[in-house]
Structure formats: structure tokens, C-alpha cells
*Asks:* 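Dropping a structure here in C-alpha cells format, bear with me for questions.
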Amino acid sequence: MTAAEGPLVVGVDSSTQSTKVLVVDAATGAVVARGQAPHQVTAEHDSDPEVWWEALTAALAQCGEPARRAAAVAVAGQQHGLVTLGADGRPVRNALLWNDTRSAPQRDRLLAELGGPGAWAERVGSVPAASFTVTKWAWLTEHEPAAAAATQAVRLPHDYLTGRLAGQPVTAGTTDRGDASGSGWWSTATESYDEGVLAHVGLDPALLPRVVAPGEAAGTVTEGLPLPAGIPVAAGTGDNMAGALGLGLAPGSPVLSLGTSGTVYAVSERRPSDPTGTVAGFADAGSAFLPLACTLNCTLAVDRFATLLGRDREAVEAGGQAVVLPFLDGERTPDLPYASGLVHGLRHDTTPGQLLQAAYDGAVFALLKALDLVLDEGADPEAPILLIGGGARGTAWRETVRRLSGRPVRVPVAEELVALGAAAQAAGLLLGREAAAVARDWDTASGPSLPAVPRDEAALERLGATLADADALLRRH
């Protein structure tokens with residue numbers, strides 16, 4: 001291993017399926033060690049937080065001696081999860097994850113009871129989707145009141161792991177403004193918890209973590225871990241905010257992430273407030289904002305179509321008139337929590353490859369519709385889309401984004417951007433610098449660029465018309 005030029009920092013990505021750990025040279029961004037351990041997720045989209053902790057310690061141990069020389073650490077975690085802890089600090093029940101939409105009826109009720117979508121957008125910055133934490137808490141109090149009554153602390157996934165690293169008492173947890181802004185009970189207008197929302201859903205503000213400022217430490221590493229005791233633990237953040245940090249993202253640069261979920265986002269200096277709910281008005285992990293649109297159905301949904309068709313995921317064919325709306329898990333963008341997948345326009349001459357391509361088109365379509373809403377006015381319409389996530393490595397995904405967007409595409413060569421963003425946050429804390437500026441010095445957004453191609457207006461028109469015509473069917477319970 002080449003000697004590090006600067007201090008070593010640790011970045012953690014605790015996602016739906018696994019925990020990944022990177023040990024990074026704070027001076028250059030070079031990854032000097034890595035580890036990974038899996039999670040277990042039930043069919044109901046919930047997971048035991050204790051398993052996340054076990055995976056984190058296992059992944060740290062895999063990093064060996066470099067982790068034991070680290071000078072700071074930060075955790076990025078999947079957004080929107082509901083972690084409920086008892087007085088002993090142990091989970092009361094499994095955490096409800098971001099892709100759990102069982103709280104859709106509670107979301108509908110909360111929207112109606114507190115003034116409708118526009119009022120929510122103005123009040124907290126976003127119109128809560130059925131994935132937001134506030135709707136999950138409302139579901140828990142209604143369906144599992146004993147679990148809600150036993151809860152002495154409510155945390156987001158990254159909060160839980162940060163607290164364990166720092167040995168925080170159950171009554172003294174921390175979070176950051178980025179992840180908190182996805183809860184539905186923290187306001188980007190006031191930069192504080194909305195006590196009116198909390199009172200309405202019956203959640204005592206004392207059960208929530210303190211929001212630490214950007215650049216402020218959440219604590220120091222406790223004894224007995226594969227890390228040096230006493231090193232600072234940065235605030236941490238949500239996975240999307242960490243991905244933006246990992247790219248060193250500046251305003252005006254759009255990002256499209258293709259993973260289990262699909263996201264499109266950009267850093268903005270203006271506070272977002274979209275009354276349609278298409279764009280979530282998140283804060284970023286610094287002092288700006290991260291307007292973001294998210295779909296529940298992305299790479300896994302398209303892979304499911306490939307499996308059903310008996311084809312490799314890259315075996316797409318051009319042509320045909322088929323339309324696929326791959327809403328296999330319900331959908332968040334557009335807001336159709338009760339939807340299922342829909343196929344329209346099949347003909348005798350439709351080929352399996354054309355149908356698979358239509359599934360790709362359907363998955364990308366909603367994200368691109370939100371692109372203009374995510375970007376600030378005056379943003380360069382020819383700026384390249386930064387394409388990240390597992391799907392960005394696939395030719396079919398890249399070409400679909402190019403064809404439907406009409407924009408150039410750049411695929412950053414840096415991998416594990418969420419963990420890299422957490423590492424940049426740890427380095428920023430250690431060096432007294434803005435985390436995104438640290439990542440820009442690391443040149444994490446560099447990579448091969450693909451030129452723009454003419455936008456496929458015919459495919460976009462078919463998709464838009466099918467979505468509009470099928471609205472009533474897609475909303476049926």
C-alpha cells in the first residue's frame with residue numbers, strides 16, 4: 001500500500017442491502033481500504049437495526065490496520081427509515097425502511113388534516129410521500145400502539161449508527177439538517193423541528209435527536225471498536241446528501257442516480273417548495289438545499305422484466321410502440337403508492353427486446369420529467385447529467401438516459417460515492433473545511449463523457465399519454 005499523504009478518514013454507507021466502509025486518504029481521496037457486510041430485509045421492507053450495527057463493525061474489521069489509524073469517521077444512511085428505541089437503547093421493533101409504503105393511508109390523512117399538499121410544502125419544504133418518516137410514525141401509533149408507547153427515542157438510520165459509534169445515551173442522539181429534512185417533521189423554513197406537526201402525530205420532541213450544525217462533531221468514537229477511541233464522529237447525513245458531497249456537487253449540475261431507487265437532484269441556493277410533491281425540498285449536508293425527485297422502481301424493476309422475458313438485462317432492441325410503466329412496488333414519482341406495473345401497446349410483432357427497452361424507458365421517464373423542477377432557473381440546459389449508481393455502468397441505462405434527455409452524460413469513475421461523501425464529511429470536520437470542497441479537490445466527478453443525441457420525442461409522448469390515460473387505474477387500491 002502506498003503511504004498516505006494526509007490523515008486517514010472513514011466513510012460509511014449504510015444502505016438497504018448492506019453496509020460499505022471506505023478508508024480514505026484525506027489529502028488525495030485515494031481509497032486505501034474497504035469492507036462490506038450484508039443486511040437482512042424482510043418481505044415487509046423492514047430490518048433490524050442491530051443487524052446494521054453488526055454489519056458496520058464487521059465491515060470496519062475487514063479494513064484492518066488502516067481503519068485503526070483513522071482520524072475521523074462519518075456515517076451516511078438510507079433516508080426516511082423509522083428507528084424506534086426503548087429505554088435500554090435497543091430497537092422496540094424492526095425499522096420501517098424508505099421503500100415501505102404501508103403508511104400511504106396515514107399520509108393521505110395527514111395531508112388532508114394539515115392543509116393539503118401546498119401547505120405542507122410551504123411548512124416543511126416537501127409534500128410527504130408514503131415513504132417519509134412522519135407517515136411511518138402515524139402508521140405505528142395506529143397499528144402498533146404498544147410499540148409507539150414503548151418508544152423512548154426516534155431516530156433515522158444514520159442517527160442510530162452515529163449514536164452507537166459515539167456511545168450516545170438514548171436520550172442524547174444527534175442528526176443533521178440534510179437527513180432530518182426528509183422526515184416530514186423538520187422544516188427547511190425555520191431550520192428546526194415543526195412542533196405543530198409533531199403534536200398532530202403525537203410525537204414528543206424530546207424523543208428526537210439534536211440537529212448538529214454542518215462542520216460540528218456528533219461526538220467521539222467509543223471504546224472497543226475497530227477504530228481509534230476518541231476520534232471525532234462527524235454529523236453524518238442521508239445517503240442522497242452524501243452522494244452530493246461525494247461528487248463535490250456545485251449548483252446547476254444535475255445528478256441522476258440509478259439504483260434500487262432512482263433519484264434526480266441538484267444543489268440549490270434557493271429553498272425548494274413544490275406543492276405538487278414531485279420534488280422533495282430537502283436540505284443538503286451543508287448550508288444549501290438539495291431538491292430531489294425519487295422513484296421507487298428503478299434497476300430492480302427493470303431486472304425483473306428482464307427475468308420475466310428470459311433475457312439478459314442488456315438485451316434491448318429499438319423500435320416498437322409498447323409502453324411499460326414499471327411501478328412494481330407502487331410509486332413515489334409520480335405519486336401513485338397503490339400502483340402496480342402496467343404494459344400497454346403490445347402487438348403481434350412486439351419483440352421481447354423492445355418490451356425490455358420500454359421498461360428502461362418507463363423507469364427513466366419520471367426522473368427526467370422532474371429534472372427542470374430540480375434545477376434552478378438559469379441553469380445551463382446543456383450541462384451534462386452526472387450518471388451514478390449501479391445502473392450507470394450499464395450500456396442500456398446510459399443510452400436510455402441520453403436518448404430521452406437529449407443531454408450529454410458523464411459517468412464519474414469514482415465508486416461508492418455515498419461512502420466517499422461520508423469520508424469527505426469526516427475529512428472536512430478534521431481539516432476545518434467544507435466537505436464538498438474537499439471532494440472537489442479529490443476530483444471525484446471526473447469520468448468519461450458521452451455527447452448529447454437528439455431527444456426521442458415520440459417515446460416521451462407515448463409515455464406521457466399512457467400515464468395520463470391510466471391515471472384512474474394506477475390509483476385504484
Side-chain angles (χ1 to χ4, degrees), residues 79-80 98-99 101 104 117 126-132 240 254-266 272 274-282 290-305 322-345 356-375 385-389 391-392 394 396-407 409 455-475:
Q79 285 188 255
H80 307 311
W98 65 271
N99 53 353
T101 59
S126 300
V127 180
S131 57
F132 274 43
N240 289 302
V255 176
L256 202 157
S257 176
L258 301 167
T260 304
S261 64
T263 53
V264 60
Y265 57 83
D274 177 13
T276 73
T278 301
V279 175
F282 296 146
L290 195 74
L292 177 149
C294 176
T295 63
L296 297 181
N297 300 276
C298 195
T299 57
L300 290 184
V302 172
D303 284 353
R304 182 59 182 154
F305 269 88
V323 173
V324 173
L325 301 177
F327 304 154
L328 305 187
D329 287 320
E331 191 45 78
R332 172 170 161 176
T333 303
D335 183 18
L336 298 166
Y338 307 108
S340 56
L342 184 146
V343 178
H344 176 69
L356 181 56
Q357 179 61 67
Y360 278 95
D361 287 2
V364 170
F365 171 66
L367 292 170
L368 293 179
K369 281 191 69 177
L371 186 62
D372 290 338
L373 297 174
V374 162
L375 290 168
I385 293 174
L386 298 179
L387 199 62
I388 65 172
W397 281 110
R398 292 196 300 269
E399 294 307 308
T400 301
V401 172
R402 292 176 71 204
R403 182 172 55 82
L404 294 185
S405 72
R407 282 177 173 257
V409 168
R455 191 162 64 174
D456 189 342
E457 300 291 355
L460 293 170
E461 183 177 348
R462 285 196 303 273
L463 282 155
T466 302
L467 181 62
D469 292 344
D471 185 73
L473 180 63
L474 294 169
R475 293 186 186 279

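In what follows, residues are counted from 1 in the order of the sequence shown.
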*Asks:* Does anything in residues 466-475 form a salt bridge (charged side-chain N to carboxylate O under 4.0 Å, His left out)? List the pairs, not counting sequence neighbours.
*Replies:* Asp471-Arg475
*Asks:* Considering residues at least two apart in sequence or located in another chain, which fulfil the salt bridge (charged side-chain N to carboxylate O under 4.0 Å, His left out) criterion with Asp456?
*Replies:* Arg403
*Asks:* Angle between ring planes, Trp397 versus Tyr360, binned at 30° and 60°: parallel, tilted or perpendicular?
*Replies:* perpendicular
*Asks:* Taking the side chain as every heavy atom from C-beta outward, state whether Leu342 and Leu473 have any atom pair closer than 4.5 Å.
*Replies:*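 Result yes, sub-4.5 Å side-chain heavy-atom pair found.
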*Asks:* I need the Cys294 SG to Asn99 CG distance, nearest 0.5 Å.
*Replies:* 9.5 Å
*Asks:* So, Asn297 side chain and Glu331 main chain: donor-acceptor pair closer than 3.5 Å or not?
*Replies:* no
*Asks:* Supply the atom-to-atom distance Leu367 CG to Lys369 NZ, rounded to the nearest 0.5 angstrom.
*Replies:* 11.5 Å
*Asks:* Using every non-hydrogen atom in the two residues, find where Arg332 and Ala280 come nearest and quote the distance to one decimal.
*Replies:* NH2-CB, 4.2 Å
*Asks:* Just so I know, are the side chains of Leu371 and Ser405 near enough to count as touching, which here means a heavy-atom distance under 4.5 Å?
*Replies:* no
*Asks:* Which atoms form the tightest heavy-atom contact between Ala363 and Pro326, and what is the distance?
*Replies:*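 Residues Ala363 and Pro326, closest heavy atoms: N-CG, 3.8 Å.
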*Asks:* Going by salt bridge (charged side-chain N to carboxylate O under 4.0 Å, His left out), name the residues that satisfy it together with Glu461, two or more places apart in sequence or in a different chain.
*Replies:* none
*Asks:* Measure the CZ-CG distance between Arg398 and Leu256 for me, rounded to the nearest 0.5 Å.
*Replies:*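 Answer rounded to 0.5 Å: 13.5 Å.
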*Asks:* How close do Pro337 and Ala104 get, counting heavy atoms only, and between which atoms?
*Replies:*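 Here Pro337 and Ala104 meet closest at CB-CB, 3.9 Å.
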*Asks:* Who are the side chain to side chain donor-acceptor pair (under 3.5 Å) partners of Thr299, not counting sequence neighbours?
*Replies:* none
*Asks:* Does any non-hydrogen side-chain atom of Phe305 lie less than 4.5 Å from one of Val343?
*Replies:* yes
*Asks:* Is there a side chain to side chain donor-acceptor pair (under 3.5 Å) between Thr400 and Gln357? Walk through the geometry before answering.
*Replies:* CA-CA 8 Å; Thr400 301; Gln357 179 61 67; 3.0 Å; yes
*Asks:* Going by atom types only, do Thr276 and Asp274 share a side-chain donor-acceptor pair under 3.5 Å?
*Replies:* yes
*Asks:* Excluding sequence neighbours, so at least two apart, what forms salt bridge (charged side-chain N to carboxylate O under 4.0 Å, His left out) with Arg402?
*Replies:*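 Checked Arg402 against salt bridge (charged side-chain N to carboxylate O under 4.0 Å, His left out); matches are Glu399.
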*Asks:* How many angstroms lie between atom CG of Asn240 and atom CH2 of Trp98, to the nearest 0.5 angstrom?
*Replies:*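 Asn240 CG to Trp98 CH2: 10.0 Å, rounded to 0.5 Å.
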*Asks:* Once you round to the nearest 0.5 Å, how far does CG of Leu404 lie from CG of Asp361?
*Replies:*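 Going from CG on Leu404 over to CG on Asp361, the span is 5.0 Å.
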*Asks:* Distance from Ser126 atom OG to Leu292 atom CG, nearest 0.5 Å?
*Replies:*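 Spacing of OG (Ser126) from CG (Leu292) equals 9.0 Å.
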*Asks:* For a quick test of reading the model, state the closest non-hydrogen atom pair linking Val127 to Phe132 and the distance between them.
*Replies:*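 Heavy-atom minimum between the residues: O-CZ, 4.5 Å.
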*Asks:* Run Val302 and Leu356 through side-chain contact (heavy atoms from CB on, under 4.5 Å) and show every step you take.
*Replies:* CA-CA 7 Å; Val302 172; Leu356 181 56; 4.2 Å; yes
*Asks:* Does some side-chain heavy atom of Leu368 sit less than 4.5 Å from a side-chain heavy atom of Ile385?
*Replies:* yes
*Asks:* Shortest non-hydrogen contact from Pro254 to Ala266?
*Replies:* CA-CB, 4.4 Å
*Asks:* State which residues pass side chain to side chain donor-acceptor pair (under 3.5 Å) with Asp372; sequence neighbours excluded, sorted by chain then number.
*Replies:* none
*Asks:* Closest heavy-atom contact between Leu328 and Gly341?
*Replies:* CD2-CA, 3.9 Å
*Asks:* Decide yes or no for Val264 and Thr333: does some side-chain heavy atom of the first lie under 4.5 Å from some side-chain heavy atom of the second?
*Replies:*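 No, every pair of side-chain atoms sits at 4.5 Å or beyond.
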*Asks:* Has Thr295 got a side-chain atom pairing as donor or acceptor with Gly262's backbone, closer than 3.5 angstrom?
*Replies:*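 Side chain of Thr295 to backbone of Gly262: a pair is present.
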*Asks:* Would Thr101 and Leu296 satisfy side-chain contact (heavy atoms from CB on, under 4.5 Å), going step by step from the backbone distance to the final call?
*Replies:* CA-CA 10 Å; Thr101 59; Leu296 297 181; 3.7 Å; yes
